[in-house]
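Everything on this sheet refers to the single structure shown next.
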Protein chains: 2
Amino acid sequence: MEFKEAKDQFLQTWGALGSQWGINKTMAQIHALLMISPDSLSMEEVMEELQISRGNASMNLRGLIDWGIVYKEYKPGERKEYFKADQDVDSLARKIAIERSKREIKPALRVLADVKNFNDNPSNEAQKFKMKTEELYEFVSKADTMLGKIVNQKENWITKTIMKLMS
Amino acid sequence: MEFKEAKDQFLQTWGALGSQWGINKTMAQIHALLMISPDSLSMEEVMEELQISRGNASMNLRGLIDWGIVYKEYKPGERKEYFKADQDVDSLARKIAIERSKREIKPALRVLADVKNFNDNPSNEAQKFKMKTEELYEFVSKADTMLGKIVNQKENWITKTIMKLMS
DNA sequence: AATAAGTTTCAATAAATATTGAAATTTTAA
DNA sequence: TTAAAATTTCAATATTTATTGAAACTTATT
């Protein structure tokens, strides 16, 4: 396989993976592109490489900056902005995990906490509901804690986690 | 909050959570509904409760059965089919994890394994690409292993994992 | 074997999401 | 200031994904 071909396939695959794990396709692709680029890239270069519009590039670059995984860079004597990705693979995963917990899991937990305390009602159906929602609340809550624990170990968290799980 | 209201809100929330974690909204809602129901439900009942069409109910029930988290039940003297969910919360999460690994992570890994061995090329860009794709391959591969380890502990895997991560 | 009850399929449609492109805005250099 | 360069915004459009509903099919009953 030639380099150009390999690169394109990589960008496609990483985009698809990203869109399945909570960040959209273009965002994942831009991030991937910046990751593998030796130098920081201008918006033009990103547009060109991924064949996307200016608006799309602008919005998704901002998105990545909001997520804290891409940074702006200014080159001396140059007017335009350049972008570079956080070089650390782990930090991408960590930030996705944190963000998803905040945006999805925590809000869902609040609702679960709420509904499991509905005005009591002695019917069989209501009793089972209470039981199950309590169980689900516990489960989601534990899963969220687990995610936090995995991801908050400072470095090499995947390796560390696997090690601990060996025992 | 009244029971009916609590139930509806629960079904909504669980559906939203599901759709963010790789199973579609209706599927997650049907599963949730079956989980909290004391008795198994007919397709009619599912349609009625969630206000969805027959086709939708049929396809998503089949999907849940394919995933192995919902079962058909036949009541003596009754012609229609009834459905009940696996009562175990853990098994839902376990099956989602297994399925996602199989459908998304493993295929992506195959591509990564492939592209990182492109026909070598001494340019700076190509060298960095090689380095990063190798790194990403390692990362995804470890993450997949970790997911497998977490989920393959037989019972109480979340609790066990949290315990191990405490040390 | 005919018919009614129940289920599945799938083309058509709707809903949700992502992308474009050009006008409006902001920034910088002369 | 002014004007060119760069970026952002957002209504229009395209794409993707989910849902409907009715015809086709399957299964059970008489």
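In this text, all values refer to a predicted model and were calculated from it rather than measured experimentally. Naming: A, B, ... by sequence-line order, numbering from 1 per chain. Hydrogens, waters and symmetry mates play no part in the numbers below; they use all other heavy atoms, side chains included.
- Considering only residues two or more places apart in sequence or on other chains, R79(B) meets the side chain to side chain contact (heavy atoms under 4.5 Å, CB included) condition with none of them.
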Using atom names, set out every protein N or O paired with an N or O of nucleotides 28-30 of chain C below 3.5 Å, distance rounded to 0.1 Å.
| from | atom 1 | to | atom 2 | distance (Å) |
| --- | --- | --- | --- | --- |
| dT28(C) | O2 | R79(A) | NH2 | 3.0 |

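- Y82(B) pairs by the ring-ring contact (aromatic ring centres under 6.0 Å, His included) definition with nothing, not counting sequence neighbours.
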For DNA chain D, the expected dot-bracket line (Watson-Crick or G-U under 3.5 Å, [ ] crossing, | inter-strand) is ||||||||||||||||||||||||||||||

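- Judged by the 6.0 Å distance and 45° axis criteria, R100(B) is positioned over the aromatic ring of W21(A).
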Could you write out each protein N or O paired with an N or O of nucleotides 12-14 of chain C at a distance under 3.5 Å?
none

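- No side-chain N or O of Q29(B) forms a donor-acceptor pair with one of T26(B) less than 3.5 Å apart.
- Side-chain contact check for K128(A) and S37(B): no donor-acceptor pair (N or O, by modelled atom type) lies under 3.5 Å.
- A donor atom on one side chain and an acceptor atom on the other are found under 3.5 Å apart for S101(A) and D144(A).
- Hydrophobic clustering (side-chain heavy atoms under 4.5 Å, transitive across Ile, Leu, Val, Met, Phe, Trp, Tyr) keeps M59(A) apart from I69(A).
- Looking at the side chain of K72(A), the nearest of the listed nucleotides dT7(C), dT8(D), dC10(D) is dT8(D).
- Geometrically, K130(B) engages F118(B) in a cation-pi contact defined by less than 6.0 Å to the ring centre and at most 45° from the axis.
- Proximity note for K80(A) (side chain, C-beta onward) versus dT8(D), dT20(C), dA6(D): the nearest is dA6(D).
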Kindly determine whether F83(A) and Y71(A) satisfy ring pair (Phe, Tyr, Trp, His ring centres under 6.0 Å), including the steps that lead there.
CA-CA 6 Å; F83(A) 301 90; Y71(A) 310 95; over 10 Å; no

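- A heavy-atom distance below 4.0 Å to DNA chain D is reached by these residues of residues 22-56 of chain A, ordered by number: M43(A), R54(A), G55(A).
- Residue E81(A) has its side chain nearest to dT7(D) when only dT7(C), dT9(D), dT7(D) are considered.
- Rounded to a whole Å, the CE atom of M59(A) is 10 Å from the P atom of dA18(C).
- No side-chain donor-acceptor contact under 3.5 Å links S19(A) and N24(A).
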